[in-house]
Every structure is written in structure tokens, then in C-alpha cells.
Amino acid sequence: MTLTIETRAEIRRILALAWPVVLTGLNWTILHVTDVIVVGLVSTHEVAALGASRTLTFIGIVVALGWLTGVLVFSSRADGAKDLPATGAVLRQGLVLGGILGLISGALLFVFALPMLRGVGVDPGIAPEAARVVQTMAIAYPFQLIIVAASFFLEGVSRPRRVMAVNLSILPLNAILAWILATGQFGLPQFGAVGAASATVIATIAGAVAMTVAALTLPRARERGVRDWSDLGTLDMWRGVGRLLAFGAVPAVASGLELAGFSILIALSTQLGESVTHAFQIVFSVHNVTFAFALGLGSAAGVRAGNAVGEGVPAQAGPRTGIAAILAALILGLLALPLTFAPMLIVSGFPASPEVAALAVLMLTVWAPFILFDGLQVVFVYALRSLGDQVVAGINGIIAFFLLTGAIGLWTVQHGWGPMGLVYASGSGMIAAALLNGGRLWWVIRRLRRKS
């Protein structure tokens with residue numbers, strides 16, 4: 001089949017937008033995987049505490065990410081319309097919103113860590129240590145959300161390489177500090193999971209400073225007005241913050257509930273024993289690696305769909321998203337091959353007992369094919385958000401990843417399916433999300449084509 005010049009050009013645009021975001025996602029994934037590996041050098045109990053802490057910390061970050069999605073959507077629309085001052089206004093509003101959300105969510109996690117962990121079903125023997133990890137991570141939240149706001153802006157104005165450069169620069173810092181603090185190097189005590197979390201806090205603070213500088217020093221920064229804070233505290237500023245908050249409300253709730261479904265699986269894994277908890281953390285870490293590729297292509301699809309809206313040709317979001325979806329299917333399909341046929345090679349990179357490694361291999365082999373659907377659903381969600389259909393996309397996510405995944409996880413564990421019940425619950429949500437959001441996107445694009 002011969003591709004048209006326009007199609008080849010769009011493929012290049014999408015890949016150019018996607019690969020820096022993929023590397024950025026891999027950077028943060030490697031950061032979390034490094035924590036699992038380093039803490040695994042201390043004990044399985046510490047890894048279980050780290051994994052249990054993520055039932056809360058991941059939800060907090062993902063909810064805030066959902067609330068800040070408007071930064072990417074509105075900056076990409078303004079960039080598509082060549083309205084440079086509007087892009088700068090979105091950045092300033094996003095930084096303000098990110099700081100506020102970070103302070104609120106961090107404070108809630110710090111104060112209520114232990115009761116919330118107990119509430120989601122974390123084993124009582126692990127919950128106190130996990131709560132200390134959550135409280136440490138809560139300190140990083142304001143800085144983390146400033147990073148997210150600046151990153152979404154840079155991706156929205158098609159400057160993802162700056163995001164990538166900053167994130168890659170802080171990875172070595174986190175890895176070295178995690179090794180020192182978690183394992184007790186240079187005469188320090190072993191802080192275990194809390195030490196790894198402390199390393200992440202320090203690296204996040206450095207990243208927040210660097211990412212803000214990257215956003216404020218863009219080419220044509222003066223035309224964009226990114227350094228013009230004369231509107232700080234004005235009615236226009238708060239209206240813009242309110243618009244971002246309103247746009248992101250449903251994605252925030254949906255993202256939180258989606259991850260709550262996976263958090264239920266993590267909590268259930270603690271009830272199946274520390275070996276299962278450790279093995280599921282390995283599978284979850286591998287998922288985060290593959291998800292980085294999906295996230296990169298999803299971000300690219302969202303930017304190109306947002307550009308289409310700004311350019312006044314929203315129906316063009318259809319073919320642009322279709323190209324991103326095909327690329328996601330190809331790339332995620334290739335990634336699934338080694339996970340299916342050579343899972344031991346992947347698992348061997350994680351320090352683990354033979355029992356944990358054997359469980360992780362079994363779970364990965366069955367789970368791997370589902371990542372194809374995970375990649376597709378991310379592309380569809382980002383496109384729907386940029387087209388202003390974030391409410392239905394959010395509802396679809398809640399149905400697939402909270403109601404379906406959570407329910408199947410609870411049912412399978414209660415009926416003796418053991419660790420494999422967690423795998424089937426996770427995969428069912430991915431399939432359902434791809435079908436629901438794919439069908440919705442088809443309907444939206446069809447409606448837009450009729451209007452045009």
C-alpha cells in the first residue's frame with residue numbers, strides 16, 4: 001500500500017511529538033522501577049510497603065494530572081490558531097492551578113495516610129510502613145504538579161523535547177540518592193522504602209525548577225508572554241484557572257477512579273501474601289514501561305487533535321488520531337512479544353526470590369497481550385479530550401477501570417483465582433476501555449464530518 005504525501009507527513013509529525021514524551025514517560029517509569037529494584041535489595045517487606053503506598057500516591061498524582069489536562073488541550077488549540085499570547089496565559093494559569101492542587105492533595109495525603117491505606121484494604125502488617133512512605137511522597141506533590149503543568153504546556157506547543165531533557169537530567173540524581181538512602185550507603189542507616197521516597201522528593205524539587213525554566217525560556221517567549229505575570233491575582237487569571245479546573249473536573253475524577261481500580265488490585269495482592277505483592281509490583285512496573293509508549297502516542301494524538309480544533313478543521317482529528325492508533329498498535333504489539341515469549345529475561349532484572357520471580361513470569365506471560373488494547377485506549381482518550389468530549393471519555397474510563405476491573409479483581413480473588421485473577425481483572429479493563437472510547441471517537445468524528 002502506498003501512503004500519500006500528507007499521510008507520511010502526519011506520521012512524521014506524530015512520531016516527532018511522541019518520542020520525547022515516550023522517553024519522558026520511560027524516565028519516570030525507570031525512576032519508579034529503580035525504586036522497586038533498590039528497595040528489593042533491602043527486603044520483600046519493604047517492597048510490599050512501597051507497593052502498598054502507591055495505592056494512594058499514584059491516585060493522588062493521576063487525579064491531579066486529570067485536572068491539569070486542560071493545559072495541554074487549550075495550549076494546543078491556541079497554538080493551532082497561532083494565538084501566542086493565549087498559550088502564555090494558559091501556562092501561567094496552569095502553574096497557579098498546579099501549585100494549589102499540589103498543596104491541597106499533599107496535605108490530605110500527609111494527614112490521612114494511614115486511615116486511607118486501611119480503608120482501601122492494605123494488610124494491617126504493611127499499612128504503618130506504607131503510611132510513612134505516603135507522607136514522605138506527599139511533600140513532593142506541589143513540585144510534582146508544577147512539573148506536570150509546565151510539561152503539558154510544552155507538549156501542547158509542540159516542544160516535548162524540553163520536557164524530555166529536564167526529566168532525563170534528574171533520573172541519575174534520583175537513582176543515586178535512592179541507592180544511598182534506601183540501602184544505607186556511606187554509613188547511613190537503611191531507610192528502605194522511605195529512603196527511596198525521600199530521593200524522589202529531592203529529585204522532584206530539582207525537576208520543578210528546571211521544568212519551569214524550560215517553559216519560561218522558550219523561543220518567542222516575549223510574544224507568548226510566558227514571563228509576564230502582571231495578571232497574577234486578577235479576575236482574568238482566576239477565570240482562566242477556573243476554566244482549567246472545570247475542564248479537568250471529570251478527567252480528574254475519572255482518572256482517580258480508574259487508578260483506584262488498579263489500587264484495589266494492589267491492595268488485594270497484599271492479602272495474597274508478600275510474594276504475590278512483590279510479583280505484582282514487578283508486573284506493574286513493566287506495565288508502566290509499556291504505558292510510556294502509549295502515553296507518548298496519546299499525547300501526540302491529543303496535540304494534533306487540538307491543533308485541528310484551533311485551525312478550524314476539527315474533523316481532521318479523525319485521520320490524525322487513526323494514524324496515532326495504528327502506530328500504537330504496531331509498537332505495543334512488538335513490545336508484547338518478548339513479554340509473552342521471554343518473560344524471564346524481563347523479570348531477571350528485578351531482585352527477587354525464586355518464588356517471586358516464578359509468579360511474576362507466570363503473570364507477565366498472560367498479561368502481555370492486553371497492552372495492545374491499553375495503547376489504543378490512551379490514544380482515543382487524549383483525542384476525545386482535545387475534541388471537548390472529556391466527560392464521556394471519563395465515564396468510559398470509570399466503567400472500564402473502576403467498575404469492571406475492581407469488580408472482577410474482587411470476585412476472582414474471593415473465588416480462589418489467586419494472582420492470575422489480578423491479571424485478568426487488569427486486562428478486562430483495558431479491552432473495555434479500548435472498545436468504549438474507540439466507539440465514542442468514531443461517533444464524534446462522524447458527527448463532525450457531517451457538520452463540515
Side-chain angles (χ1 to χ4, degrees), residues 28-29 31-32 35-36 39 46-69 95-149 151 174 177-178 181-182 191-208 245 248-249 251-270 277 281 284 288 401-402 406:
W28 285 104
T29 298
L31 184 150
H32 291 297
D35 287 348
V36 173
V39 175
E46 288 294 318
V47 175
L50 178 67
S53 74
R54 291 176 175 177
T55 62
L56 296 185
T57 58
F58 277 9
I59 289 179
I61 287 295
V62 167
V63 167
L65 278 168
W67 238 316
L68 290 168
T69 53
L95 290 174
V96 170
L97 180 58
I100 293 172
L101 291 175
L103 289 170
I104 294 172
S105 57
L108 290 173
L109 284 177
F110 191 90
V111 174
F112 299 109
L114 185 56
M116 284 195 289
L117 285 167
R118 289 172 174 167
V120 297
V122 171
D123 184 87
I126 299 174
E129 179 68 15
R132 288 189 284 273
V133 180
V134 171
Q135 288 175 325
T136 304
M137 285 298 299
I139 299 170
Y141 266 52
F143 305 99
Q144 181 67 69
L145 298 191
I146 287 173
I147 290 176
V148 171
S151 299
N174 179 82
L177 288 175
L181 296 175
F191 292 106
V194 171
S198 300
T200 301
V201 172
I202 297 170
T204 300
I205 294 171
L245 197 63
V253 173
S255 297
L257 289 176
E258 288 170 22
L259 194 55
F262 286 99
S263 294
I264 290 171
L265 301 186
I266 294 174
L268 289 171
S269 74
T270 68
T277 304
Q281 275 304 298
F284 198 67
N288 289 340
F401 289 117
F402 180 63

dist Tyr141:OH -> Ile104:CD1 (nearest 0.5 Å) comes out at 13.5 Å
When rounded to the nearest 0.5 angstrom, what distance separates OG1 in Thr204 from CD1 in Ile139? 11.0 Å
Side chain Thr69, main chain Leu65, donor-acceptor under 3.5 Å: no
Value rounded to 0.5 Å, distance of CG in Leu50 from OG1 in Thr277: 11.5 Å
State, to 0.1 Å, how close Arg118 and Ala127 come at their nearest heavy-atom pair, and which atoms those are. CG-CB, 4.4 Å
Hey, are the side chains of Val201 and Phe143 touching, using non-hydrogen atoms and a 4.5 Å cut-off? no
In Å and rounded to the nearest 0.5 Å, what is the CG to CE distance from Leu56 to Met137? 11.5 Å
Criterion side chain to side chain contact (heavy atoms under 4.5 Å, CB included) on Leu257 and Phe401, from CA distance to verdict: CA-CA 7 Å; Leu257 289 176; Phe401 289 117; over 6 Å; no
Can you name the side-chain hydrogen bond (donor to acceptor under 3.5 Å, both in side chains) partners of Gln135, sequence neighbours left out? none
Rounded to the nearest 0.5 Å, how far does OG of Ser151 lie from CG of Leu145? 11.0 Å
For Val96, enumerate each residue passing the side-chain contact (heavy atoms from CB on, under 4.5 Å) test, keeping only those at least two apart in sequence or located in another chain. Ile100, Trp229, Leu232, Met237, Trp238, Val241
Find the distance between CZ (Arg132) and OG (Ser53) and round it off to the nearest 0.5 Å. 12.0 Å
Smallest heavy-atom separation, Ala203 atom then Asn174 atom, equals CB-CB, 3.8 Å
